[in-house]
Amino acid sequence: MSDTEEPPRPTTDTIRDARCCDEFSRRDLMRRALASSQQQVPLPAELLEEGAASFFDKRLTRGQFVGRSAGLVLGLAAAQAMAPLKLLESAAAAADPSAPILVTIYLGGGNDGLNTLAPRAGAERARYDQLRTSVGIGADQLLPLTGREDLGWHPSAAGLRTLFDAGKLAVLTGVDYPDPNMSHFESEHFFRTGTVSSDARHGWLGRYLDRVGTGNPLEGIAVQWGGDGALLGERAATSTVHDPGSYGFWSPGVWDGDHLTDAWGRLGSAGAKSPGYKRAVRTTRQTYQVKKALEPLAKEKVENLPKPPIAYPEDYQLGEELRTLGRLLGAGLGTRVATLVDSQGYDTHDDQATLHAGNLERLSGALVAWQADLEQRGLAGRVVTMVWSEFGRRAEDNDSGGIDHGAGGLLLVMGQKVRGEVLSDGWGLSSLDEHGNLRVTTDFRDVYAGILEGHLGAGARDVLPGYKGSPASLFRAA
Amino acid sequence: MAKISYPAVPKRPIKPAIDRLFWRAGFGPSTSDRAVYAKRGLGAAIESLVAPPKQRFAGKQLRYRDGDNFFPINPNSDDDNAWQQEVLWWLDKMVRSRAPLVERMTLNLHDHFATSNHKVNSRPQMIAQNELIRRHALGSFDALCKGMTRDHAMQQWLDLVNSDPEHPNENYAREFMELFTIGLNYTQKDVTEIARAFTGFRFDWDTKRYWFDPENHDEGAKSIFGQRGNWTADDAIRLCLEHPAHAPYFCRKMWGYFVPAAPSAARLRLLTTNYKASGRNLGALVKTILRSPELYSNLDQPDMVKPPVVHLVGALRTIKAPYLQGSFRWQLDQMGQLPFYPPHVGGWDQGEAFLSTGTAKARFEAMGSVLQIRQIKEASVPVTETPAQALALVRAQTGTGWESAGTRAQLARTAARYKPQWNDDEHFATERRLVLRHLLLAGPDAWMH
């Protein structure tokens with residue numbers, strides 16, 4: 001394989017091929033490598049085929065990476081010194097190069113957790129077969145879950161299996177809030193605010209940034225075009241960055257665009273009365289700061305950048321956005337939390353078989369690429385990725401080849417230090433609730449609390465209003 | 001039955017109140033709106049909006065520009081470059097509308113009944129739904145709900161077609177209650193029972209035919225909100241509209257499209273009384289809102305964020321755009337509100353939620369595309385033009401009505417900084433105007449109304 005070629009994509013085909021050839025020895029190799037050095041082996045070797053060797057050969061040492069990031073930070077500081085951006089300068093100085101980072105990925109519409117990790121054997125499986133007559137997945141189709149006989153991965157979720165087998169994926173089933181109402185909007189709102197209150201205005205990550213933020217808008221990034229309610233705080237400065245190159249500010253016929261944007265960034269009256277106008281003025285100032293901060297990244301030619309070790313799935317927005325996020329985190333801009341959304345395609349009231357398989361194939365491919373990207377950048381020790389959805393779907397399918405809204409979803413926590421196992425007993429299909437829904441066995445706020453206390457170093461009660469639960473144990477003892 | 005009574009409109013200050021009304025109820029005032037209604041008063045201005053002229057659109061459909069070429073808008077075309085033609089089709093209507101409240105209510109109700117062509121995947125069906133909303137935008141909400149339940153785009157969007165009596169699909173039933181009529185005031189039992197009442201709508205993939213099949217309708221007894229009967233789809237709609245939670249839920253939501261602060265208990269009572277006494281007429285409800293003094297609070301500092309579509313259309317009407325830009329399609333997407341493609345069935349998060357650093361930058365660039373329609377010819381601006389003259393001129397041409405003290409000061413500083421860079425420099429005067437008008441249309445003040 002030549003240096004200029006893309007590494008192979010982690011399609012399910014290559015994964016299946018790898019498995020049927022010599023699953024055992026490859027898996028063995030990987031485990032041995034894992035055991036020899038936690039730092040060194042990020043990669044599901046079986047995904048790489050011939051690419052694996054070249055990836056490991058070309059890997060930069062951790063030292064090289066730190067050096068490279070430091071260079072970018074210095075470049076950024078120099079750019080800022082020329083601009084009157086005192087706030088950003090102090091923020092960059094305050095940016096702790098070892099601070100923990102949380103990335104959240106929202107699966108919009110309500111992911112069907114029960115088919116993502118389905119019962120594979122025993123009484124649960126028999127019950128599953130009764131409930132899921134049209135969208136059920138044959139036990140022989142499921143990919144085995146290492147260490148447990150009773151569950152198996154959706155055949156299109158090979159990437160999840162890979163990550164799980166590498167010990168980098170904690171899996172929780174039955175995640176929701178007590179007495180779930182199965183509404184997209186209420187549930188999304190609850191998950192975003194970290195409360196079960198319709199009136200809550202601020203997001204849980206916004207409240208976290210209210211405590212640890214320094215006013216640098218790149219501390220909280222929504223990697224998309226619009227904002228994210230989870231990042232909305234009282235004071236927290238946040239930004240939306242779809243692409244570093246997208247802060248160009250074009251104006252027809254104008255020769256000196258900098259004069260224009262310098263003036264634009266100062267428009268409006270800071271002493272505003274109404275919350276709406278206050279936020280409009282603040283958003284203008286922050287947008288200008290972000291434009292200045294991203295200028296060095298925007299000048300990079302994407303085709304000249306080092307390729308991610310495993311290619312992100314093509315024509316897939318979440319994959320592109322994760323790749324962008326990798327560049328942003330690599331540049332050391334002080335980012336503490338980032339949020340991403342994987343479309344709304346998980347609301348599978350009909351045509352579930354096709355839609356869900358496609359969703360899981362792209363998602364799990366992107367997660368594998370993301371984890372490898374982080375490891376190559378030397379960031380994997382700092383970044384935890386949480387994948388959530390507003391609810392699970394009904395245990396029983398409908399007659400449109402789909403499944404209606406339900407409760408008790410699947411939540412994934414990915415990272416180097418997570419307890420890489422299924423952290424719950426299973427779906428409990430024999431004890432559905434009165435609406436035929438999966439029982440809620442983990443309150444999502446316990447997961448948030450576990451991440452806040454176990455990863456972000458914040459007090460759960462300081463960030464989650466009225467929280468009285470016990471934080472989930474998600475991470476291995478250090 | 002209670003009688004309809006409207007609040008007394010505030011008398012002064014008349015000029016900013018007229019501006020406020022035409023922005024919240026449409027896409028900003030024209031020069032003539034300002035002149036006419038400063039004399040005739042706010043009440044007359046409201047009447048002109050709720051009882052618009054028969055001829056709804058001025059002139060002929062605009063063309064759109066892509067690169068150096070102009071094209072007719074054709075939502076029925078299957079050409080490759082015809083993507084999202086429905087967006088241009090509606091933009092043209094909003095720009096040319098002589099019934100701006102009808103278009104604004106069509107936008108509000110599109111948000112309320114949010115349906116996305118991402119799933120429907122049919123421009124003709126999306127446009128048919130849009131015309132359905134436009135027909136009823138100031139009319140009977142009951143008729144709109146009945147039409148919506150039979151609307152093909154909606155039937156595809158919320159899986160109403162081919163919902164089977166054996167296992168009825170709950171999607172439409174749930175959202176019809178939660179989002180369209182009564183809010184979170186239902187039980188799971190109501191969802192399953194209304195889903196049964198909504199069975200029988202059929203669609204054939206091969207022939208693309210839609211029909212109602214009584215054989216596929218569950219005729220059995222259903223218990224909806226505790227009332228038992230062999231309810232049909234229209235019965236279920238009526239039960240929702242007569243539910244005690246409907247009027248307060250719906251009036252509060254419609255109010256939110258016009259006024260950023262929630263209505264007081266007394267105001268909500270008046271809204272629901274007028275709404276019910278008018279036989280659930282949207283025109284009567286909106287007229288009550290437009291006459292409420294709360295709509296005219298904070299006239300010295302507008303407190304409501306313009307939805308991106310309103311910001312764009314308002315700018316296009318301000319410059320009297322003779323054509324549209326093809327780029328508005330992706331620019332609206334980046335601004336966070338691409339019509340016909342709401343993010344989900346709950347519609348767009350309104351107000352402050354429209355504001356982010358990404359959408360702010362997108363608003364800036366969309367305004368650039370608007371201004372490109374009225375390009376200033378190089379060296380056509382006299383080098384003797386003073387900063388004050390330049391400012392007065394761009395304010396008259398592209399100002400949207402309100403400037404904060406901070407913006408006024410910054411504009412003056414910016415205007416003053418443009419001086420010739422070298423002896424034969426004629427560009428600086430052009431540059432000054434280009435920069436000032438972009439600042440006027442794209443700054444935070446222009447995001448508010």
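Throughout, protein chains are lettered first and strands after them, A, B, ... in sequence-line order, and every chain is numbered starting at 1.
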Interface moiety of B:L184 toward chain A, non-hydrogen atoms closer than 4.5 Å: side chain
Contact origin within A:D262 toward chain B - heavy atom pairs under 4.5 Å: neither
Lys/Arg N to Asp/Glu carboxylate O, A:D404 vs B:R174, below 4.0 Å: no
Contacting moiety of B:T359, where chain A heavy atoms sit under 4.5 Å: both
Interchain contact, B:Q334 with chain A, by part (heavy-atom threshold 4.5 Å): both
Proximal component of A:E396, with respect to chain B [non-hydrogen, under 4.5 Å]: side chain
Value rounded to 0.5 Å, distance of NE2 in A:H189 from CG in B:D349: 10.5 Å
Separation of A:H184 NE2 from B:L179 CG (nearest 0.5 Å): 9.0 Å
More than 12 heavy atoms of other groups within 6.0 Å of B:Q350 CD: yes
Distance flag, aromatic centroids of A:W255 and B:F428, threshold under 6.0 Å: no
Side chain, backbone, both or neither of B:F354 within contact of chain A (heavy atoms, under 4.5 Å): neither
Residues B:H167 and A:N398: side-chain donor-acceptor under 3.5 angstrom: no
Per-residue contact mode, A:S251 against chain B (heavy atom under 4.5 angstrom): both
Side chain, backbone, both or neither of A:H435 within contact of chain B (heavy atoms, under 4.5 Å): side chain
Test item: B:Q301 side-chain N/O and A:A272 main-chain N/O as donor-acceptor pair under 3.5 Å: no
Donor-acceptor contact present, side-chain A:W264 to main-chain B:A442, <3.5 Å: yes
B:E365 side-chain N/O to A:F249 backbone N/O, donor-acceptor pair under 3.5 Å: yes
Part of B:V161 lying under 4.5 Å from any heavy atom of chain A: neither
Part of A:R282 within contact of chain B (heavy atom distance under 4.5 Å): neither
Residue among B:A261, B:G336, B:G346 with most heavy-atom pairs under 4.5 Å to chain A: B:G346
Proximal component of A:D256, with respect to chain B [non-hydrogen, under 4.5 Å]: both
Spatial distance of atom NE2 (A:H405) from atom CD (B:Q188) [nearest 0.5 Å]: 10.0 Å
Pair A:T287-B:F364, side-chain contact (heavy atoms from CB on, under 4.5 Å): steps then yes or no: CA-CA 11 Å; A:T287 307; B:F364 181 97; over 6 Å; no
Spacing of A:N181 atom CG and B:Y186 atom OH [to the nearest 0.5 Å]: 6.0 Å
Among the listed options B:N171, B:D300, B:T192, B:T187, the residue most often paired with chain A at heavy-atom distances under 4.5 Å: B:N171
Heavy-atom proximity to chain A below 4.5 Å, by part of B:M448: side chain
Part of B:H427 within contact of chain A (heavy atom distance under 4.5 Å): side chain
Region of B:W402 that comes under 4.5 Å of a non-hydrogen atom in chain A: side chain
Heavy-atom contact with chain A under 4.5 Å, split by part of B:Q337: neither
Polar contact flag, side-chain donor to acceptor under 3.5 angstrom, A:Y288-B:T357: no
Distance-only polar pair, side chains of B:N298 and A:Y277, donor-acceptor under 3.5 Å: no
Nearest-0.5 Å distance that lies between atom CD1 in A:I403 and atom CD in B:E170: 12.0 Å
Any donor-acceptor N or O pair under 3.5 Å, side chains A:S400, B:N169: yes
Ion pair A:K278/B:E352, N-O distance below 4.0 Å: no
Chain A contact via B:S369 - which portion, at a heavy-atom distance below 4.5 Å: both
Structural part of B:E378 lying under 4.5 Å from a heavy atom of chain A: side chain
CD1-OG distance between A:I221 and B:S356, expressed to the nearest 0.5 angstrom: 12.5 Å
side-chain contact (heavy atoms from CB on, under 4.5 Å) evaluation trace for A:V254 with B:H438: CA-CA 10 Å; A:V254 169; B:H438 204 153; 5.7 Å; no
B:R408, part contacting chain A, at a heavy-atom distance under 4.5 Å: neither
